[in-house]
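First listed ligand is number 1; within each ligand, the first listed atom is number 1. When a residue number appears, it is its place in the shown sequence, counting from 1.
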Amino acid sequence: MTEVAKKVVVTGAAGQIAYSLLWRIANGDVYGKNVPVELELLEIPAATQAAEGVAMELLDSAFPLLRGINVTDSADKAFDGANAAFLVGAKPRGKGEERADLLAANGKIFGPQGKAINDHAADDIRVLVVGNPANTNALIAMHAAPDVPNERFNAMMRLDHNRALSQLATKLGRATTEFEQVVVWGNHSATQFPDITYATVGGEKVADLVDQDWYLNEFIPRVAKRGAEIIEVRGKSSAASAASAAIDHMHDWINGTEQWVSAAIPSDGSYGIPEGIIVGLPTVSRAGRWEVVQGLEVSDFQRERIDANVKELQEEREAVADLLK
Ligand code: NAD
Ligand code: LMR
């Protein structure tokens with residue numbers, strides 16, 4: 001077993017996503033079953049006591065890999081020496097709200113946390129923003145951390161990716177693992193574009209197995225609006241599925257995957273998407289870095305959907321211009 005523990009920060013540690021996420025990290029689901037972990041639970045002062053209770057339960061779970069747990073309301077302390085950070089702590093939306101409606105309340109959380117990451121985190125820090133609106137919050141954190149490479153700031157599109165896989169699996173009576181080359185482009189919002197153009201299952205083209213009407217009028221809106229559907233049915237926003245997707249993202253980022261997955265990463269000009277936003281793209285992970293899948297042909301239909309996401313992300317960026325200075 002490696003002796004040096006990896007330090008993992010979870011913000012919003014007393015919240016509902018963290019209550020699933022922390023157990024998976026402590027179980028070795030991010031770094032692997034041979035790598036010990038130390039957990040930093042960051043909360044606002046009013047919730048540190050509840051986070052202490054979460055820490056007590058984590059201890060009571062007697063995880064073999066867990067080397068320490070610390071609860072704090074100080075971002076500087078939490079991110080000191082951190083190798084990975086899940087920025088979850090933020091207000092969830094309620095029924096009838098869009099995620100972008102949270103920007104005013106949540107945006108200001110991510111500047112100070114980005115700065116604390118900049119000043120205190122380990123050189124290999126990887127940051128996954130989950131708190132909504134995730135793409136633009138990640139942009140805010142990235143801007144506040146000029147000494148950290150931009151590529152270390154991601155936002156989560158993996159829940160959307162997993163939702164797309166599961167809708168396809170249900171429709172075609174296959175396992176989620178049989179699907180390849182599914183992509184969710186864009187923003188973690190209702191504008192996102194779950195795209196089956198390149199997708200295959202067992203060597204067959206998915207687009208040949210489903211009808212266009214189902215794809216356009218059921219699959220795309222269902223995946224794109226699944227968050228709202230969960231809120232409607234469950235009464236609260238998704239939590240365990242969000243935690244599971246966050247684990248999938250960080251695991252693959254660190255350990256690599258040749259399977260295409262959707263990750264929101266800083267745009268690099270690929271597919272005509274201008275730099276300066278954090279956007280969901282088709283990616284693989286090699287040597288600890290996401291690589292955009294290159295060379296895909298993009299139809300007019302796809303272009304229109306992708307452009308709508310770019311426009312929305314640019315508008316969100318404009319709305320938080322004050323936080324990007
Ligand atoms: P929750 O209300 O249960 O928990 C949020 C926690 O964050 C609270 O305990 C709160 O005290 C804490 N918090 C608030 N400000 C903080 C700060 N500055 N520092 C540290 N902690 C802080 O919410 P939840 O259900 O866990 O959801 C958290 C966020 O994740 C929401 O914004 C939600 O919309 C978002 N979310 C995103 C995805 C995604 O796919 N990207 C999926 C599900 C939920
Ligand atoms: C989700 O997609 O489930 C989350 O972003 C929560 C929400 O507000 O939809």
### Numbered atoms and elements of ligand 1 in range of V88, under 4.0 angstrom, heavy atoms
28 (C), 29 (C), 30 (O)
### Query
Can you find a heavy atom in the side chain of H120 that is under 4.5 Å from one in the side chain of K77?
no
### Query
Could you walk me through whether H161 and W260 pass the ring pair (Phe, Tyr, Trp, His ring centres under 6.0 Å) check?
CA-CA 10 Å; H161 185 92; W260 294 16; 9.6 Å; no
### Summary
Quick note on ligand 2: atoms under 4.0 Å from a heavy atom of H188 include exactly 1 (C), 2 (O), 4 (C), 5 (O)
### Query
Any heavy atom of D160 sitting closer than 4.0 Å to ligand 2?
no
### Message
Looking only at protein heavy atoms, which one is nearest to atom 23 (O) of ligand 1, and what is the separation?
### Response
P92 CG, 3.5 Å
### Query
Just checking, any donor-acceptor pair under 3.5 angstrom between side chains of N162 and D248?
yes
### Query
Any luck finding a side-chain donor-acceptor pair between Y198 and E180 under 3.5 Å?
no
### Query
Looking at R305 and D300, does any basic side-chain N land under 4.0 Å from a carboxylate oxygen?
no
### Query
Which residue owns the protein heavy atom closest to atom 41 (N) of ligand 1, what's the atom, and how far is it?
V130 O, 3.1 Å
### Task
Would you check if there is a donor-acceptor pair between the side chains of W290 and N154 at a distance under 3.5 Å?
yes
### Summary
the protein heavy atom lying closest to atom 10 (C) of ligand 1 turns out to be E43 OE1, 3.5 Å
### Summary
Closest non-hydrogen contact found for R303 with V298 is N-CG1, 3.7 Å
### Query
Can you tell me if R163 has a non-hydrogen atom under 4.0 Å from ligand 2?
yes
### Query
Given N132, L159, I231, L102, which one has a non-hydrogen atom that is nearest to atom 36 (N) of ligand 1?
N132
### Query
atom 3 (O) of ligand 1: which protein heavy atom is closest, and how many Å away?
Q16 N, 2.9 Å
### Task
Please work out which of the three classes, parallel, tilted or perpendicular, describes the rings of W214 and F219, given edges at 30° and 60°.
tilted
### Message
Just to confirm my output: which protein heavy-atom neighbour is closest to atom 16 (C) of ligand 1, and how far is it?
### Response
I44 CG2, 3.4 Å
### Message
List ligand 1 atoms under 4.0 Å from K91, heavy atoms only on the residue side.
### Response
31 (C), 32 (O)
#### Entry: Subset of ligand 2 atoms that lie under 4.0 Å from at least one heavy atom of G227
1 (C), 2 (O), 3 (O), 9 (O)
### Query
Going by atom types alone, do N187 and Q192 pair a side-chain donor with an acceptor below 3.5 Å?
no
### Query
Taking atom types as modelled and ignoring hydrogens, do the side chains of D195 and Q302 form a donor-acceptor contact shorter than 3.5 angstrom?
yes
### Query
Do F110 and F153 have ring centroids that are under 6.0 Å from one another?
no
### Message
If the test is salt bridge (charged side-chain N to carboxylate O under 4.0 Å, His left out), which one of R222, R234, R163, K95 qualifies with E229?
### Response
R222
### Query
Between S237 and ligand 2, does any nitrogen or oxygen pair lie at a separation below 3.5 Å?
no
### Task
Going by heavy-atom distance to atom 30 (O) of ligand 1, choose the closest among I230, I17, T11.
I17
### Message
So for A239, does at least one of its heavy atoms come nearer than 4.0 angstrom to any atom of ligand 1?
### Response
no
### Task
Among all protein heavy atoms, pick out the one at the shortest distance from atom 43 (C) of ligand 1; state its residue, atom name and that distance to 0.1 Å.
S238 OG, 3.3 Å
## Note on the structure
If you scan protein heavy atoms around atom 42 (C) of ligand 1, the nearest is A242 CB, 3.5 Å
### Summary
atom 18 (N) of ligand 1 has as its nearest protein heavy atom I109 CG2, 3.4 Å
### Task
Return the minimal non-hydrogen interatomic distance between S241 and L159, and the atom names on each side.
O-CD1, 3.6 Å
#### Entry: Per-atom contacts of ligand 2 with N132, taking only distances under 4.0 Å to non-hydrogen atoms
4 (C), 5 (O), 6 (C), 8 (O)
### Message
Show me which atoms of ligand 2 lie under 4.0 Å from any heavy atom of R93.
### Response
7 (C), 8 (O), 9 (O)
### Message
Closer than 4.0 Å to some heavy atom of Q113 - which atoms of ligand 1 meet that?
### Response
17 (C), 18 (N), 19 (N)
### Message
Give the atom numbers and elements of ligand 2 that come within less than 4.0 Å of a heavy atom of R99.
### Response
1 (C), 2 (O), 4 (C), 5 (O), 7 (C), 8 (O), 9 (O)
### Query
Can H188 and D160 be counted as having a side-chain donor-acceptor contact under 3.5 angstrom?
yes
### Task
With heavy atoms only and a cut-off of under 4.0 Å, state how H188 meets ligand 1: side chain, backbone, both or neither.
side chain
